[in-house]
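Following this message is one structure expressed as structure tokens.
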Amino acid sequence: MKSKKKSYKWVPYLFLIPYLIAFFAFRFGPSIAGFFISLTRWNIVGQAKFVGFTNFVELFKDPNFIKSLVNTLYFMLLTVPSLVIGGLLIAMLVDQPLKGRMAARTFVFMPYVIMSTVVGVIWLWIFDTHFGILNYYLGFLGIKPIAWLSSINWAMPAVAIATVWWTIGFNMILFLAGLQDIPNELKEAARIDGASSWQVFWNVTLPLLTPTTIVVVMLTLINTFQVFAQVYVMTGGGPSLATLTVVQYMYVQSFQYYRLGYGSAIAYVIFMFLVAFILIEKKFLKRFGDEN
Amino acid sequence: MIRLLLYFFLVLCIVTSFFPILWMTVSAFKPEGEILSYPPQWIPLHPTWSNFSYVLSKFNFARWTFNSVVSAVVAMIIVIFIDSLAAFAFARMRFRSNKVLYSIIISMLMVPIQVTIVPLYLMFANVNLLNTLIALILPTTGNVTGVFILTSFFKSVPQDLLDAAIVDGAGSFKIWWSIMLPLARPSISAVAIITFMSNWTSFLWPLVSVSSDASRTLPVGIAQFFGGQSGVSGSAPQYGPAMAAALMATIPAVAIFLFLQRYFVKGIMMTGIKG
């Protein structure tokens with residue numbers, strides 16, 4: 001304890017040991033081990049052979065890996081803006097004094113508690129080319145049936161739609177919390193000074209929402225880069241690798257081809273990308289924040 | 001006029017969010033003939049339980065559910081227990097490596113789970129524990145978010161409260177158990193929900209660590225439902241049973257969510273804080 005009472009040096013460790021064992025055995029240890037495995041060539045049955053950074057070099061010459069990387073970034077391009085801007089807009093909407101806003105919050109968030117593979121299964125049915133309900137309704141608008149999940153052009157947007165539907169409620173909650181932290185007096189004061197709603201939003205609400213926005217963008221980038229389960233169910237990476245994502249490629253290399261070293265190298269590339277996202281975003285938003 | 005527009009968007013949000021869930025629900029009750037009827041039918045003309053009985057008899061569905069529930073609940077209990085112990089030490093005790101250890105732990109927030117999958121697989125394969133509940137549970141106990149959330153909460157507890165207990169002769173364990181834990185109830189609920197949900201929906205590790213059908217969890221079981229991805233291969237997939245399975249896997253989570261809404265929201269806000 002912080003007080004100067006007779007305290008035994010080992011007492012803190014008694015509290016820490018159960019967690020530290022779990023942490024070092026199942027989180028920290030494996031993370032470090034993963035790095036060393038990424039430096040080997042290892043096909044589970046044979047011996048691990050140290051090859052330095054060969055796997056990483058090979059990765060960036062591997063057209064399928066590049067494809068999975070491009071696909072994942074494309075997926076992010078489709079989802080991140082909708083998830084961030086859409087999440088903000090919905091949060092602002094359900095922040096208004098409207099009847100039914102509580103219901104709307106509940107409904108928008110509800111999909112988030114559904115497990116990813118179930119989301120995949122539901123949307124597989126909605127996107128069915130011949131019998132799917134989406135194509136049926138699009139028919140009313142004069143749109144010919146789209147082969148959502150089996151066409152190279154539409155498969156990724158389809159997965160993106162399902163993903164936005166599934167996770168936008170999460171961002172809504174974060175933005176809503178941020179909005180409610182902004183003191184009303186500030187907006188009132190701006191209004192009294194003759195600011196329009198748009199000016200209040202742009203000059204008061206948005207700058208004060210910057211910390212929330214940083215968190216939301218960060219979490220969204222991190223999560224969307226790791227997309228896997230819903231793709232696995234909806235398209236399995238197809239058609240013609242059009243929806244193969246980085247995590248799926250890591251899974252395939254590690255556990256279908258059992259190239260453990262190569263798979264681990266992919267996992268570490270994922271890690272490096274996440275770090276890059278965080279650094280870039282911090283830098284970008286710092287500059288943005290300074291200008292305000 | 002603007003209000004009308006706002007209400008329009010509000011309704012649009014509700015409808016869009018709910019539509020797929022509703023469609024799954026009604027489809028689960030349709031007999032095979034109706035499921036592929038075109039135009040699509042919103043109300044089942046001959047509602048039936050046959051999809052549900054099909055899923056329960058043809059698949060190990062009950063077993064998957066059991067595995068999911070047990071692994072998520074046990075992991076949640078372990079995490080609350082060991083994380084709150086450790087958080088108490090980090091927040092309230094002086095020992096030499098406090099800061100260093102804590103920063104090592106926090107730094108792992110950035111490291112994605114994927115880098116641990118291959119080593120964990122090798123580890124559990126070596127001790128012959130693949131395909132067991134132990135393999136599903138143990139790796140999730142090294143969690144970092146829980147320690148982070150609880151440590152920040154414990155730090156915010158006024159020292160006077162603890163001093164009073166110390167004067168009364170309470171030892172560290174007593175303070176942890178009878179002062180800290182009750183005070184932290186909201187944070188602990190949030191950690192409990194985050195842990196439960198992330199285990200309940202976890203996919204990659206269960207997919208890797210479990211290959212026998214009887215030890216699958218729900219997310220993995222459901223992913224195998226179409227026997228890979230027959231949905232795109234042309235042969236008509238069995239949407240009726242799939243929707244019944246999806247519905248059965250969804251109801252518990254949605255029910256828990258509706259009961260514990262505010263804790264979900266709190267949990268998410270805490271996830272957000274971690275930045």
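Note on naming: letters A, B, ... go to the chains in the order of the sequence lines (proteins, then strands), and numbering restarts at 1 for each one.
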Q) Donor-acceptor pair, A:N223 side chain versus A:L219 backbone, under 3.5 Å? A)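 A pair under 3.5 Å: yes.
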**Q.** Side chain, backbone, both or neither of B:F257 within contact of chain A (heavy atoms, under 4.5 Å)
**A.** side chain
Q. Checking B:F196 against chain A: side chain, backbone, both or neither under 4.5 Å from a heavy atom?
A. neither
Q.
Report which part of B:S97 has an atom under 4.5 Å of a heavy atom belonging to chain A: side chain, backbone, both, or neither.
A.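 Both the backbone and the side chain of B:S97 come within 4.5 Å of chain A.
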Q. Can you say whether A:M250 sits under 4.5 Å from chain B via the side chain, the backbone, both, or neither, judging by heavy atoms?
A. side chain
Q.
Which one wins on heavy-atom pair count under 4.5 Å against chain A: B:I256, B:D83, B:L247, B:T116?
A. B:T116
Q.
Between A:R105, A:Q226, A:H130, A:Q96, who has the most heavy-atom pairs with chain B when the cutoff is under 4.5 Å?
A.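 Most heavy-atom pairs within the cutoff with chain B belong to A:Q226.
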Q) Does any heavy atom of chain A fall under 4.5 Å from the side chain of B:I35, the backbone, both, or neither of them? A)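 Backbone plus side chain of B:I35, per the 4.5 Å heavy-atom cut-off to chain A.
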Q) Do B:L162 and B:Q159 touch side chain to side chain, with heavy atoms closer than 4.5 Å? A)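 Of all side-chain heavy-atom pairs linking B:Q159 with B:L162, at least one is under 4.5 Å.
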Q.
Tell me which of these, B:V118, B:V79, B:T201, B:T16, has more heavy-atom pairs under 4.5 Å with chain A than the rest.
A.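 When all of B:V118, B:V79, B:T201, B:T16 are compared, B:V118 has the most.
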Q: Measure from the side-chain N and O atoms of B:T141 to the backbone N and O of B:I137, and report whether any donor-acceptor pair falls under 3.5 Å.
A: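 No, because the side chain of B:T141 does not come within donor-acceptor range (under 3.5 Å) of the backbone of B:I137.
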Q: Would you mind checking which part of B:M197 comes under 4.5 Å of any heavy atom in chain A, side chain (CB onward), backbone (N, CA, C, O), both or neither?
A: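 For B:M197, side-chain heavy atoms alone lie under 4.5 Å from chain A.
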**Q.** Note, A:L93 side chain near A:L98 side chain (heavy atom, < 4.5 Å)
**A.** yes
Q: Sort B:Y121 into side chain, backbone, both or neither according to what part of it lies under 4.5 angstrom from a heavy atom of chain A.
A: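 Contact with chain A is through the side chain of B:Y121 alone.
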Q.
Please classify the contact between A:I44 and chain B as side chain, backbone, both or neither, with a heavy-atom cut-off of under 4.5 Å.
A. side chain
Q) Hey, is the main chain of A:G238 close enough, under 3.5 Å, to the side chain of A:T243 for a donor-acceptor pair? A)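 Checked: pair present.
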Q. Considering only heavy atoms, which portion of A:W123 lies under 4.5 Å from any heavy atom of chain B: side chain, backbone, both, or neither?
A. side chain
Q | Geometric class of the A:F170/A:Y112 ring pair [parallel <30°, tilted 30-60°, perpendicular >60°] | A | tilted
Q: Heavy-atom distances under 4.5 Å only: say whether B:I105 touches chain A with side chain, backbone, both or neither.
A: both
Q) So, the side chain of A:S116 versus the backbone of A:Q230: is there a donor-acceptor pair under 3.5 Å, distance only? A)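 No; judged by distance alone, with no hydrogens or angles, the pair does not exist.
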Q: Specify which of B:S27, B:S107, B:C13, B:P20 makes the most heavy-atom pairs with chain A at under 4.5 Å.
A: B:P20
Q. Chain A heavy atoms under 4.5 Å from B:T250: which part of the residue, side chain, backbone, both or neither?
A. side chain
**Q.** Pairs of heavy atoms under 4.5 Å with chain B: top-ranked of A:W148, A:Y137, A:F36
**A.** A:Y137
Q: Below 4.5 Å from any heavy atom of chain B, which atoms of A:W165 appear? Answer side chain, backbone, both or neither.
A: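 Looking at A:W165, just its side chain touches chain B.
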Q | Aromatic plane relationship, B:W23 with A:W125 - under 30° parallel, 30 to 60° tilted, over 60° perpendicular | A |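 Parallel, since the angle between the ring planes stays under 30°.
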Q.
Using a 4.5 angstrom heavy-atom cutoff, name the option from A:F271, A:F107, A:Y19, A:Y13 with the most pairs to chain B.
A. A:Y19
Q.
Taking every non-hydrogen pair under 4.5 Å, which of B:S84, B:S202, B:A245, B:A253 racks up the most with chain A?
A. B:A253
Q | Residue part contacting chain B, namely of A:W10, when any heavy atom lies under 4.5 Å | A |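 Looking at A:W10, nothing touches chain B.
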Q: Heavy-atom pairs under 4.5 Å with chain A are the metric here; pick the option from B:V254, B:L207, B:V147 that has the most.
A: B:L207
Q: Determine the interplanar angle of the A:F255 and A:Y258 rings, folded into 0 to 90°, and report it as parallel if under 30°, tilted if 30 to 60°, perpendicular if over 60°.
A: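 Rings of A:F255 and A:Y258: perpendicular, over 60°.
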Q) Side chain, backbone, both or neither: which part of A:L274 has a heavy atom under 4.5 Å from chain B? A)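 Contact with chain B: side chain only.
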**Q.** Side chain / backbone / both / neither for B:M24 at chain A, heavy atoms under 4.5 Å
**A.** side chain
Q) Looking at A:I37, A:T106, A:I90, which one has more heavy-atom pairs under 4.5 Å with chain B than the rest? A) A:T106
Q. Centroid-to-centroid, B:W42 to B:F19, below 6.0 Å?
A. yes
Q. Is it the side chain or the backbone of A:I133 that comes within 4.5 Å of chain B heavy atoms, both, or neither?
A. both
Q) Should the ring pair B:F203 and A:F228 be called parallel, tilted or perpendicular, given that the plane angle runs from 0 to 90° and is split at 30 and 60? A)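 Ring orientation, 0 to 90° scale: tilted.
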Q: Check whether any side-chain N or O of A:N135 sits under 3.5 Å from a backbone N or O of A:T129 as a donor-acceptor pair, and report yes or no.
A: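 Side chain of A:N135 to backbone of A:T129: a pair is present.
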Q. Within a strict 4.5 Å, meaning less than it, do heavy atoms of the A:M272 and A:V275 side chains meet?
A. no
Q: Could you tell me which of B:I21, B:I113, B:V111, B:N143 has the largest number of non-hydrogen atom pairs under 4.5 Å with chain A?
A: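 Option with the top pair count is B:V111.
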Q) Which atoms of A:F28 come close to chain B, meaning under 4.5 Å heavy atom to heavy atom: side chain ones, backbone ones, both, or neither? A)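 Both parts, backbone and side chain.
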Q | Part of A:F35 lying under 4.5 Å from any heavy atom of chain B | A | neither
Q | When A:F127, A:F26, A:F15, A:Y251 are compared by non-hydrogen pairs under 4.5 Å with chain B, the top option | A |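 Heavy-atom pair counts peak at A:F15.
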(Q) Between A:N55 (side chain only) and A:T40 (backbone N and O only), is there a donor and an acceptor less than 3.5 Å apart? (A)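 Side chain of A:N55 to backbone of A:T40: a pair is present.
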Q. Is chain A contacted by the side chain of B:L101, its backbone, both, or neither, given a heavy-atom distance below 4.5 Å?
A. side chain
Q) So, for A:Y136 and A:F140, is the gap between ring centers shorter than 6.0 Å? A) yes
Q.
Counting heavy-atom pairs closer than 4.5 Å to chain B, which one of A:I278, A:V247, A:L20 comes out on top?
A.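 Maximum pair count with chain B is reached by A:V247.
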**Q.** Exam field: side chain A:T117 to backbone B:P219, donor-acceptor pair closer than 3.5 Å
**A.** yes
Q: Report yes if the side chains of B:P40 and A:F131 come closer than 4.5 Å at any heavy-atom pair, otherwise no.
A: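 Answer no - side chains too far apart.
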Q: Measure up the B:Y102 and B:F90 rings against each other and bin them: parallel (under 30°), tilted (30 to 60°), perpendicular (over 60°).
A: tilted
